[in-house]
Amino acid sequence: MTAKKLDHSASHDDKQTGAESLIGEFKALMADAEALIKATEDHPGAAVTSIRNKALETLAGAKESLSGVEGKLLDKAKVAAEGADDFVHRNPWEAVGVAAGLGLLIGLFIGRR
């Protein structure tokens with residue numbers, strides 16, 4: 001059952017890293033879109049102005065949503081870290097064994113290359 005807990009934790013970490021990467025890419029996309037929208041400020045016309053204002057409103061809403069998701073992600077990461085810390089403190093020898101086993105597997109995989 002310990003291996004399942006650690007496997008679940010590892011997949012959770014992978015998901016978390018993927019989510020953080022996605023958030024970072026989304027922030028970059030929003031910054032690029034905002035720069036593109038601001039670059040059209042000197043173009044006259046009601047249609048362009050309307051589209052620009054709508055896009056800026058959408059970006060503002062997306063930023064708010066992203067902030068909420070980012071906060072939840074940080075809270076989950078803290079809970080996961082506390083759980084891992086608690087597990088290691090309750091089961092230090094199992095944690096050492098698992099770490100040694102993972103180190104051995106990684107060494108074997110690297111050695112095959």
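Quantities reported herein were computed from a predicted structural model and do not represent experimental measurements.
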### Task
Check side-chain hydrogen bond (donor to acceptor under 3.5 Å, both in side chains) between Asp85 and all other residues, then give those that pass, not counting sequence neighbours.
His89

Donor-acceptor pairs under 3.5 angstrom involving side-chain atoms of residues 51-60: please list them, not counting sequence neighbours.
from, atom 1, to, atom 2, distance (Å)
Arg52, NH1, Thr40, O, 2.5
Arg52, NH1, Thr40, OG1, 3.2
Arg52, NH2, Thr49, OG1, 3.3
Asn53, ND2, Thr49, O, 3.3
Thr58, OG1, Lys54, O, 2.9

## Note on the structure
Apart from Val79 itself, its cluster of hydrophobic side chains linked below 4.5 Å comprises none

#### Entry: For Ile110, the rest of its hydrophobic cluster, which grows through side-chain links under 4.5 angstrom
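When side chains under 4.5 Å apart are linked, the cluster holding Ile110 also contains Ile106.
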
Do any side-chain atoms of residues 64-72 form donor-acceptor pairs under 3.5 angstrom with protein atoms, and if so which ones, sequence neighbours left out?
from, atom 1, to, atom 2, distance (Å)
Ser65, OG, Gly61, O, 3.2
Ser67, OG, Lys63, O, 3.1
Glu70, OE1, Lys27, NZ, 3.1
Glu70, OE2, Lys27, NZ, 3.0

### Query
Hey, does Glu34 have a side-chain heavy atom less than 4.5 Å from the side chain of Met30?
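Side-chain contact under 4.5 Å: no.
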
#### Entry: Residues forming a salt bridge (charged side-chain N to carboxylate O under 4.0 Å, His left out) with Asp86, sequence neighbours excluded
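If we apply the salt bridge (charged side-chain N to carboxylate O under 4.0 Å, His left out) test to Asp86, skipping adjacent residues, the hits are Arg90.
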
